[in-house]
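Worksheet: the structure to be examined is printed underneath.
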Amino acid sequence: MKDKRTELSDLGEFGLIEHLTKDIELTHPESICGIGDDAAVVEIGNGLCQVVSTDLLAEGVHFDLTYMPLKHLGFKAVAINVSDICAMNAQPKQITVALAVSNRFSVEALEELYEGIKAACATYKIDLIGGDTTSSQSGLTICITALGIASKKELCFRSGAKEYDLLVVSGDLGGAYMGLQVLEREKEVFKTNPNIQPDLDGHDYILQRQLKPQARLDVIDMLRQLDVKPTSMIDISDGLASEILHLCKSSKVGCHVYDDKIPIDAKTSMVALDFNLDPSMCALNGGEDYELLFTVEQKHADIIGSNPNFTIIGHITNASEGVYFIDKTGAAHQLRAQGFKHFD
Ligand code: ADP
Ligand code: MG
């Protein structure tokens, strides 16, 4: 047994987290939710809870500085953490920022990174309250922890979806992935001939979706104003398919998702078709859209269905019915996640 070696790829990212953390028990009564949701939840008294989420971005894995300006990277690193706080239906309040940085970077470069971080703090009205800085042997790693506040009764977990609830998504999907495809294509062209200028014209929308994603804090506010409390919620970081499966697994339910309902912007679809990709597959497996996926009770069908910020894409079923994707011909396929996989 001593020489046993298991490859990380045998487990994959989610399998690895589960493997390492399966015997971890919460010992404090204040720790209401630990591993397994978008953020952990700690009760702090007076009916209030603190939510906490950490996300790490590594150069070469999550970002490529050939086309990602450092200012945008700073903004994105904050936004994706704020998105996890929003996914709990909580209000983001503070962040800490930890950096590991190689001497390839100048002070001016890191100032740019911080311009983006500060811009995001201003946008989402959050305070930067600390962090850590260290040297790195290889490139840049940025790790942000975000803190937020919610009343206990406002909180939304991944685990609350019930049979007959409606499955809803904010905004539109697949744009961030198509933005990445355009950037990667132009990078390849540049590598073969550095004299050719990148052709990014007309791709503003999808490039923004990739380079400057927004956390949907406005959606949290909107839902509160509409007096609709989701029964469950998750943010879409790894692709719609992966997040639907997380939500259904946590809630112990099944669901039907309809291909023809998935909201995809016309600009995203056009570029997908140019790349010979099915736009729906980009939405299902692309990732990095940072929209919110949530379930609501049937009674909210009209108010949610008539709101242009939301699209009802399916409904929750009994767990025994499974998780199905209904294609445009009406055929049902078992939903699988093929999003970006670490350790494959
Ligand atoms: P998200 O995509 O919403 O950021 P992740 O898929 O990264 O969520 O993480 C899923 C859950 O696993 C979260 O509750 C997160 O806190 C937890 N988690 C991730 N990595 C680790 C780790 N190395 N140790 C303990 N918990 C972890
Ligand atoms: Mg999340």
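Order of listing sets the numbers, starting from 1, for every ligand and every atom in it. Bear in mind that the values here come from a model prediction, so they are computed numbers and not experimental data.
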[X] [atom1] to [Y] [atom2] distance, which is reported to the nearest 0.5 Å:
X      : Y      : atom1 : atom2 : value
Gln214 : Lys76  : CD    : NZ    : 12.0 Å
Lys267 : Leu207 : NZ    : CG    : 12.0 Å
Lys153 : Cys49  : NZ    : SG    : 11.0 Å

For [atom], the protein heavy atom that lies nearest, with its residue and separation:
atom                    : result
atom 17 (C) of ligand 1 : Ile35 CG2, 3.7 Å
atom 7 (O) of ligand 1  : Glu13 OE2, 4.3 Å
atom 24 (N) of ligand 1 : Thr21 CG2, 4.1 Å
atom 9 (O) of ligand 1  : Ile17 CD1, 4.2 Å

Within the structure, does at least one protein heavy atom fall under 4.0 Å of [atom]?
atom                    : answer
atom 5 (P) of ligand 1  : no
atom 15 (C) of ligand 1 : no
atom 20 (N) of ligand 1 : yes
atom 11 (C) of ligand 1 : yes

[X] atom [atom1]: more than 12 heavy-atom contacts under 6.0 Å:
X      : atom1 : value
Tyr164 : OH    : no
Met270 : CE    : no
Lys328 : NZ    : yes

Out of the N/O/S atoms in [X], what is the name of the one closest to the Mg ion (ligand 2)?
X      : answer
Asp38  : OD1
Asp84  : OD1
Asp235 : OD1

Please determine which of Glu184, Glu186, Lys187 meets the side chain to side chain donor-acceptor pair (under 3.5 Å) test together with Tyr67.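 The residue from Glu184, Glu186, Lys187 that satisfies side chain to side chain donor-acceptor pair (under 3.5 Å) with Tyr67 turns out to be Glu184.
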
Assess the side chains of [X] and [Y]: does a donor N or O sit below 3.5 Å from an acceptor N or O?
X      : Y      : answer
Asp84  : Tyr290 : no
Ser102 : Ser136 : no
His315 : Asp165 : no

For ligand 1, is there an N or O atom under 3.5 Å from any N or O atom of [X]?
X      : result
Gly36  : yes
Asp238 : no
Asp38  : yes
Asp37  : yes
Asp84  : yes

Judged by non-hydrogen atoms, does Arg158 sit under 4.0 Å from ligand 1?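 A heavy atom of Arg158 does come that close to ligand 1.
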
Show, in sequence, the C-alpha distance, side-chain angles and deciding distance for Lys71 and Glu111, and conclude whether the salt bridge (Lys or Arg N to Asp or Glu O under 4.0 Å) test is met. CA-CA 9 Å; Lys71 188 172 172 183; Glu111 282 172 358; over 6 Å; no

Parallel under 30°, tilted from 30 to 60°, perpendicular over 60°: which one fits the rings of Phe75 and Tyr124?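 Answer is tilted, since the angle falls between 30° and 60°.
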
Distance check below 2.8 Å: does Glu243 bring an N, O or S atom to the Mg ion (ligand 2)?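 Of the N, O and S atoms in Glu243, none lies under 2.8 Å from the Mg ion (ligand 2), which means no.
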
Where ligand 1 meets Ser237 - atom numbers and elements under 4.0 angstrom, heavy-atom basis: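 Going through ligand 1 atom by atom, the ones under 4.0 Å from Ser237 are 2 (O).
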
I need the atoms of ligand 1 closer than 4.0 Å to a non-hydrogen atom of Phe14, numbered in the order shown.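 So the answer, numbered in order with elements, is 6 (O).
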
With a heavy-atom distance limit of 4.0 Å, tell me whether Ile234 approaches ligand 1 through its side chain, its backbone, both, or neither.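 Neither; no heavy atom under 4.0 Å.
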
Quick check on the 6.0 Å ring-centre criterion: do Phe325 and Tyr258 meet it?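 Ring centres of Tyr258 and Phe325 not closer than 6.0 Å.
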
